[in-house]
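We name chains A, B, ... by the order of the sequence lines, and we start the count at 1 in each one. Excluded from the calculations below are hydrogen atoms, water molecules and symmetry mates; all remaining heavy atoms, backbone and side chain alike, are included.
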Number of protein chains: 2
Amino acid sequence: MKNKMNIKDPRASRSRQALLDAGIQAFLQNPNASLTEVATFAGVGRATLYRHFETREQLIQEMAKESLIQIDKAMAPIYEKNLKGSFAIKAMFEVSMPVADRFHFLLSLWNIANEDTKVREIYDRQLNEINTLVEQGKRAGEIKSDMTTTWIVTLIDCLIYAGWWSIKDGHLDAKSASELAIASLFGGIQT
Amino acid sequence: MKNKMNIKDPRASRSRQALLDAGIQAFLQNPNASLTEVATFAGVGRATLYRHFETREQLIQEMAKESLIQIDKAMAPIYEKNLKGSFAIKAMFEVSMPVADRFHFLLSLWNIANEDTKVREIYDRQLNEINTLVEQGKRAGEIKSDMTTTWIVTLIDCLIYAGWWSIKDGHLDAKSASELAIASLFGGIQT
DNA sequence: GCACTATGATACATCTACGTTTCAAAGTTA
DNA sequence: TAACTTTGAAACGTAGATGTATCATAGTGC
């Protein structure tokens, strides 16, 4: 089935987008969701799914790409405003939190998404960008330099996760989640 | 197959333990690992696995119980020493980090493990205990009281995850991971 | 040594998901 | 309206995992 749909056809692009969206929802809820479930969730036939994505892996990889690109889009204004170091990191939390679900459905499917060259490429670049921001913060004297950059990047990732988790549980909204994450990251919980 | 093995028989207890250990390793690496893989990894026949655990779900639930009990054992000295608040939380990081893998293979299988009443029971109690420690810390004026306890518990969980992740990646050993996690949790990364 | 029990290997049945194919119907474009 | 494309529904084949049953072998306890 090497059939590629024409994305200029409104039916095709609608189906494709519905499938990608449904995939996020379905896999977020259950990483082992079957493609039948995804198709049903998207409101399209199972055969249509296979007309748009050759395999399960390809679907997941396309979803990953879409999500990573969405992060890029959300981050763009930050770089345009020329924010640096801790200011950029804080802004990153604010823009990431509302799309954190798309970011973290990947967690359980990363082994599959990571097979794709393009996905790895985008992800590595994004990780590098965060690295740069942390380094900037260190040079500006905003961030402790006795903690490795690697650790701090891991920490940031986990705080995004913590915020998203709280949002998902209904304990917080996106705004307060990012505020809490920022406060916790920079200031800790100690009085 | 309602056959229950006699754990007094050294062969049976050896097989059982090998299967539980292999399950941790296998599922940690790949949450969809087949029972064939688990059995092979444990060095026992697939049939033997089914003689010890009726279903895949039961195996996972037994693994979960074992892991939660291991956390309990690791935490026992802390309560015996009568540590409170932030001191207990710090100690918790130190004892948790070396067994964090057992704690977090659960992450991806929690939906299954959580089906078991006993598992839920132990987990809820442990979560409650952390809750209590945080509250103690707040009352003692060690922990900011403008952050909800729920948030701080989430944060602690994520920091354990961050530390475990760094250990797994080979960036840190258990000791430095817990030190960094403690420093980050209480003091943040700001200079 | 003897009764008992766990084990490995194997064969077997079942079930579910994957992926393909076909065809009539409906939507799109010109 | 007419040519073209996407779609849903259904049937089909395949592969892999789950769970069961059997039997000879080997370890265990007395």
Side-chain angles (χ1 to χ4, degrees), chain A residues 1-23 25-63 108-109 111-113 115-116, chain B residues 1-23 25-64 105 108-109 111-113 115-116:
Chain A
M1 190 62 113
K2 54 187 74 176
N3 233 330
K4 280 219 186 114
M5 300 292 104
N6 182 1
I7 47 167
K8 287 194 300 183
D9 191 315
R11 289 169 297 175
S13 68
R14 233 185 307 123
S15 292
R16 185 187 154 86
Q17 198 55 48
L19 283 165
L20 289 171
D21 291 344
Q25 299 305 320
F27 288 129
L28 198 53
Q29 191 194 334
N30 166 26
N32 294 333
S34 72
L35 298 193
T36 307
E37 290 177 71
V38 175
T40 306
F41 208 97
V44 305
R46 198 168 67 92
T48 298
L49 191 157
Y50 283 101
R51 291 187 184 105
H52 285 270
F53 307 97
E54 290 188 29
T55 67
R56 179 196 179 81
E57 281 69 35
Q58 208 196 63
L59 167 64
I60 290 169
Q61 286 157 3
E62 291 297 318
M63 284 164 51
S108 43
L109 299 171
N111 53 331
I112 295 173
E115 296 285 312
D116 186 271
Chain B
M1 189 65 112
K2 55 187 71 174
N3 234 327
K4 280 218 187 118
M5 300 294 104
N6 183 0
I7 46 167
K8 287 194 299 182
D9 191 316
R11 289 170 296 176
S13 68
R14 234 186 305 124
S15 292
R16 186 188 153 88
Q17 198 54 49
L19 284 164
L20 290 172
D21 292 344
Q25 299 306 319
F27 289 130
L28 198 54
Q29 190 194 334
N30 166 26
N32 295 333
S34 72
L35 297 194
T36 306
E37 291 177 70
V38 175
T40 305
F41 209 97
V44 305
R46 198 167 67 91
T48 298
L49 192 156
Y50 283 101
R51 289 187 185 106
H52 286 269
F53 307 98
E54 290 187 28
T55 66
R56 178 196 180 81
E57 281 68 35
Q58 210 197 62
L59 168 63
I60 290 169
Q61 286 157 3
E62 290 298 317
M63 284 164 50
F105 90 95
S108 43
L109 299 170
N111 53 331
I112 295 173
E115 297 284 312
D116 186 272

Tell me, please, which residues at least two apart from Asp9(B) pass side-chain hydrogen bond (donor to acceptor under 3.5 Å, both in side chains). Arg11(B)
Measure distances between side-chain N and O atoms of Arg46(A) and base N and O atoms of dG19(C), and say whether any donor-acceptor pair falls under 3.5 Å. yes
So what is the end-to-end bend of the helix from dG1(C)-dC30(D) to dA30(C)-dT1(D), with 5 pairs used at each end and the value given to 10 degrees? 50°
What residues, two or more places apart in sequence or in another chain, satisfy side chain to side chain contact (heavy atoms under 4.5 Å, CB included) together with Gln17(B)? Leu20(B), Asp21(B), Glu66(B)
Would you be so kind as to tabulate the donor-acceptor pairs closer than 3.5 Å made by side chains of residues 32-42 of chain A, with sequence neighbours excluded?
{"unit_1": "Asn32(A)", "atom_1": "OD1", "unit_2": "Asn32(B)", "atom_2": "ND2", "d": "3.2"}
{"unit_1": "Asn32(A)", "atom_1": "ND2", "unit_2": "Asn32(B)", "atom_2": "OD1", "d": "3.2"}
{"unit_1": "Ser34(A)", "atom_1": "OG", "unit_2": "Thr36(A)", "atom_2": "N", "d": "3.4"}
{"unit_1": "Ser34(A)", "atom_1": "OG", "unit_2": "Glu37(A)", "atom_2": "N", "d": "3.2"}
{"unit_1": "Glu37(A)", "atom_1": "OE2", "unit_2": "Ser34(A)", "atom_2": "N", "d": "3.1"}
{"unit_1": "Thr40(A)", "atom_1": "OG1", "unit_2": "Thr36(A)", "atom_2": "O", "d": "2.7"}

Could I get the full list of side chain to side chain contact (heavy atoms under 4.5 Å, CB included) partners for Glu57(B), not counting sequence neighbours? Thr55(B), Gln61(B), Ile112(B)
Of all residues at least two apart in sequence or in a different chain, which pass the salt bridge (charged side-chain N to carboxylate O under 4.0 Å, His left out) check with Arg16(B)? Glu62(B)
Check nucleotides 13-15 of chain C against the protein and report each pair of N or O atoms closer than 3.5 Å, with its distance, or say if there are none.
none

For Arg56(B), which residues count as a side-chain hydrogen bond (donor to acceptor under 3.5 Å, both in side chains) partner, sequence neighbours excluded? none
Only counting residues at least two apart or in another chain, list the ones meeting side chain to side chain contact (heavy atoms under 4.5 Å, CB included) with Ser108(A). Pro31(A)
Under 3.5 Å, N/O pairs linking protein and nucleotides 27-30 of chain D:
{"unit_1": "dG27(D)", "atom_1": "N2", "unit_2": "Arg11(B)", "atom_2": "NH2", "d": "3.3"}
{"unit_1": "dG27(D)", "atom_1": "N3", "unit_2": "Arg11(B)", "atom_2": "NH1", "d": "3.2"}
{"unit_1": "dT28(D)", "atom_1": "OP1", "unit_2": "Arg14(B)", "atom_2": "NH2", "d": "3.1"}

Atom pairs, protein N/O to nucleotides 14-16 of chain D N/O, distance under 3.5 Å:
none

